[in-house]
Amino acid sequence: TEGRIEKQKKLLDHHALTEFFVGVFELAKNQVQFERLRQRFAFAEVITIGDQLDRDILPAKAAGCTTVLVPGRFRPYWHNKEHEREADFQASNFEDGIAWILRRLKS
């Protein structure tokens, strides 16, 4: 996250997802940082869920992460809709994205 870690941890607790996470990190979202996470957690699949194509999905995908796009209402004019297909899954909302991740982890 680029936001407060405590807020993210509370959201995980609220949605009963804490057990599925190794950690929550605050970092600048770019390909190099996502590559560092992939190296650190080479034993597991690194899944990125985000609403910003250019800041969440594309750099994570370029680093080899599995990606889930949850499009928000705000779509900047510079976002190319063609790039939305690069996400491994495009969710209709956050809960849909989490459900997809949980199904993936269980299979």
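- Side-chain polar atoms of Gln33 and Arg36 form a donor-acceptor pair below 3.5 angstrom.
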Residues 5-12 side chain polar contacts: donor-acceptor under 3.5 Å, at least two apart:
none

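- Every ring pair (Phe, Tyr, Trp, His ring centres under 6.0 Å) that Phe89 has, sequence neighbours left out, goes to Trp100.
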Distance-only donor-acceptor pairs under 3.5 Å for side chains of residues 56-70, two or more places apart:
| residue | atom | partner | partner atom | Å |
| --- | --- | --- | --- | --- |
| Asp56 | OD1 | Lys29 | NZ | 2.4 |
| Asp56 | OD2 | Asp51 | N | 3.1 |
| Asp56 | OD2 | Gln52 | N | 2.9 |
| Lys61 | NZ | Asp88 | OD1 | 2.7 |
| Lys61 | NZ | Asp88 | OD2 | 3.1 |
| Thr66 | OG1 | Glu45 | OE2 | 2.5 |
| Thr67 | OG1 | Asp88 | N | 3.1 |
| Thr67 | OG1 | Asp88 | OD2 | 3.3 |

Show the numbers, then the answer: is there a side-chain contact (heavy atoms from CB on, under 4.5 Å) between Leu37 and Thr48?
CA-CA 11 Å; Leu37 287 173; Thr48 300; over 6 Å; no

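- Residues satisfying the side chain to side chain contact (heavy atoms under 4.5 Å, CB included) criterion with Phe20, sequence neighbours excluded, are Leu17, Leu102, Leu105.
- Listed by chain and number, the residues in a side chain to side chain donor-acceptor pair (under 3.5 Å) with Arg4 amount to none (sequence neighbours excluded).
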Side-chain donor-acceptor pairs of residues 92-99 under 3.5 Å, sequence neighbours excluded:
| residue | atom | partner | partner atom | Å |
| --- | --- | --- | --- | --- |
| Ser92 | OG | Asp96 | OD2 | 3.3 |
| Asn93 | OD1 | Glu95 | N | 3.2 |
| Asn93 | OD1 | Asp96 | N | 2.8 |
| Asp96 | OD2 | Ser92 | N | 2.9 |

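- Residues in residues 35-56 take part in these ring pair (Phe, Tyr, Trp, His ring centres under 6.0 Å) pairs, two or more places apart or across chains: Phe25-Phe41, Phe41-Phe43.
- Residues forming a side chain to side chain donor-acceptor pair (under 3.5 Å) with Gln31 (at least two apart in sequence, or on another chain): Glu35.
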